[in-house]
Protein chains: 2
Amino acid sequence: MINNKDISAEEKILNAARRIFENKGMSGARMQEIADEAKINKSLLHYYYRSKQLLFEAVFKTAFNKLAPQINLVLNSDQSICDKIINFSNNYTSFMLKHPYLPNFILQELNRNPDFVKELISIDNFPNIINFKIQIEKAVSEEKIRPIEAEQLFINILALNIFPFIGAPLLKGFINASDKEYKKILNKRKTEVAEFIIKSIKL
Amino acid sequence: MINNKDISAEEKILNAARRIFENKGMSGARMQEIADEAKINKSLLHYYYRSKQLLFEAVFKTAFNKLAPQINLVLNSDQSICDKIINFSNNYTSFMLKHPYLPNFILQELNRNPDFVKELISIDNFPNIINFKIQIEKAVSEEKIRPIEAEQLFINILALNIFPFIGAPLLKGFINASDKEYKKILNKRKTEVAEFIIKSIKL
DNA sequence: ATATTTGTTGACCATTTGGTTAAACTTTTT
DNA sequence: AAAAAGTTTAACCAAATGGTCAACAAATAT
């Protein structure tokens, strides 16, 4: 049980804003709704964050900073390719099962405002493919994996891990699964995805 | 003059609404903006579609009806599994390169309003996995492909094909690609994705 | 030709929305 | 204990927004 009085207003606002923004997006969210969710007066939102835009950016960057390190584990750790794929698929899916709205939220807003990426790139530890590319090219030339471009493999890894969360409502419909059944399917993917990728790139 | 006006106002509105909704979503779109885009008076929007909600639903269902048949080609055609994967990956990516907005638009609104799926399910030809599942189970038992659940394979096929469009802004940043370079990468995926999948499921 | 239906517009309206302000209350500093 | 600084609230406000309406125009029927 979380005691609300132990959490500062500023933090309560950020949490409430996260829930509302994740659910409704920047344009769909209402400042009054966020205030209600945080159980504080609307003026406090502006006292701490000045404007809706700044509050949104605070939420967005917090969310993005949860995602980036996981991507970096694939791109910039010194694990073997197989270990990267196995660990990322397992860790990412586990994490996202707890925050299922996160990928959708981030991609939604980036699609709406592509220039926002440029701002993100300038921050520290923005994931970059360069080291991963070297690793893949080396593995290919050493015939440890079949020939494949690092970019394509990287897109595949992210696609297989992230899409099941973004596409959840549609996929549930297509495969006729209840929430519970779909969650079970996602859980299986913790190992299934890695197996699928490795089977494809091994020689 | 008579022939020049062969695009009815109703159609102009739908096209304009599509462009605006695609870009800004339901809550971000403004009726005035749609009217401006269609170069007609705002009252006409209400004359033809009564409300923003109904205009949105008209646009959404039009968009969804472009997507559904392609999914059905995977789920309910009588091609072999390999042909399905090859054809779908090629056709879908080709189609989406012309309509890159579509998957993001649809998934965004379904995530925002998951109950909307229930409405869609009731329409004709809503994609359903059942036939595909039979096909996969048969292929597995005949040892034509390695053991894999139809649901997982289906999610993988969609993920690999759809995600590169939804995740474009982020992926462009990660792999450091210009719009032109990214488009090139997407073009390669027309065959790359099928190869990736087939390599993974063959025995 | 005229009446009637259909299509189109500008002016207007009620409500919502992000944001401001001044005052009150609380905590910290002096 | 007084002053200062920080926090919280209710009351407002201007702009934006979805939507209505009456008038006008164009097409169609009589």
Side-chain angles (χ1 to χ4, degrees), chain A residues 2-63 105 108-109 112-113 115-116 119, chain B residues 1-63 105 108-109 112-113 115-116:
Chain A
I2 298 165
N3 186 349
N4 271 355
K5 285 177 183 172
D6 290 350
I7 301 174
S8 71
E10 194 168 353
E11 205 171 337
K12 278 200 287 183
I13 290 171
L14 205 67
N15 282 328
R18 179 180 50 76
R19 287 191 291 271
I20 302 295
F21 279 133
E22 278 181 6
N23 211 15
K24 314 214 163 174
M26 165 66 172
S27 56
R30 298 288 159 246
M31 293 298 267
Q32 186 59 60
E33 198 181 0
I34 294 172
D36 293 346
E37 176 83 16
K39 285 168 189 158
I40 47 93
N41 188 282
K42 179 162 71 86
S43 297
L44 259 202
L45 300 183
H46 293 97
Y47 177 74
Y48 282 111
Y49 293 94
R50 291 198 40 186
S51 69
K52 188 185 182 185
Q53 180 64 31
L54 289 174
L55 175 54
F56 171 77
E57 285 174 21
V59 168
F60 186 91
K61 282 171 182 165
T62 304
F105 169 66
Q108 225 46 76
E109 301 300 336
R112 188 133 313 157
N113 186 4
D115 290 343
F116 204 28
E119 270 183 61
Chain B
M1 279 296 275
I2 299 161
N3 281 338
N4 236 354
K5 247 199 165 180
D6 55 356
I7 299 176
S8 69
E10 193 168 354
E11 204 171 337
K12 278 200 289 182
I13 290 171
L14 205 66
N15 283 328
R18 179 180 50 75
R19 287 193 290 272
I20 301 296
F21 279 133
E22 273 160 22
N23 211 13
K24 314 211 164 179
M26 165 66 172
S27 56
R30 299 287 160 247
M31 293 299 267
Q32 186 59 59
E33 198 180 1
I34 294 172
D36 292 347
E37 176 84 14
K39 284 167 188 159
I40 47 95
N41 189 282
K42 179 162 71 88
S43 298
L44 259 202
L45 300 183
H46 292 97
Y47 178 75
Y48 283 110
Y49 294 94
R50 292 201 38 187
S51 70
K52 187 185 182 185
Q53 179 65 28
L54 288 174
L55 174 55
F56 171 77
E57 284 174 22
V59 169
F60 185 92
K61 281 169 184 167
T62 304
F105 170 66
Q108 166 199 349
E109 300 300 338
R112 197 131 305 162
N113 186 4
D115 289 343
F116 205 27

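Predicted model, so just to flag it, every value in this text is computed and none were measured.
What you find for Leu45(B) and Met31(B) is that their closest heavy atoms are CD1-O, 3.1 Å. Closest non-hydrogen pair, Ile13(A) versus Leu44(A), comes out as CD1-O, 3.8 Å.
The closest side-chain heavy-atom distance from Glu109(B) to Phe116(B) is not below 4.5 Å.
In summary, the side chains of Asp36(B) and Gln32(B) do present a donor paired with an acceptor at a separation below 3.5 Å, with no hydrogens or angles considered. No side-chain donor from either of Arg112(B) and Gln108(A) sits under 3.5 Å from a side-chain acceptor of the other.
The stretch residues 31-48 of chain B touches DNA chain D through Met31(B), Lys42(B), Ser43(B), His46(B), each having a heavy atom within less than 4.0 Å of the strand.
Taking side-chain N and O atoms only, Arg50(A) has no distance below 4.0 Å to OP1 or OP2 of dG19(C).
Note: OH (Tyr49(A)) to P (dG19(C)) measures 15 Å, nearest angstrom.
When each of Ser27(A) and Ala9(B) is assigned the nucleotide of DNA chain C with its nearest heavy atom, Ala9(B) is the one assigned upstream, toward the 5' end.
Checking side-chain atoms of Lys52(B) against main-chain N and O of Ala29(B) turns up a donor-acceptor pair under 3.5 Å.
Mapping heavy-atom proximity under 4.0 Å, the span of DNA chain D touched by chain B runs 5' to 3' from dT17(D) to dC21(D).
Pairs engaging residues 22-55 of chain A under the ring pair (Phe, Tyr, Trp, His ring centres under 6.0 Å) rule: none recorded [sequence neighbours left out].
Applying the side chain to side chain donor-acceptor pair (under 3.5 Å) test between Glu22(B) and each of Arg18(B), Lys24(B), Arg19(B) identifies Arg18(B) as the sole match.
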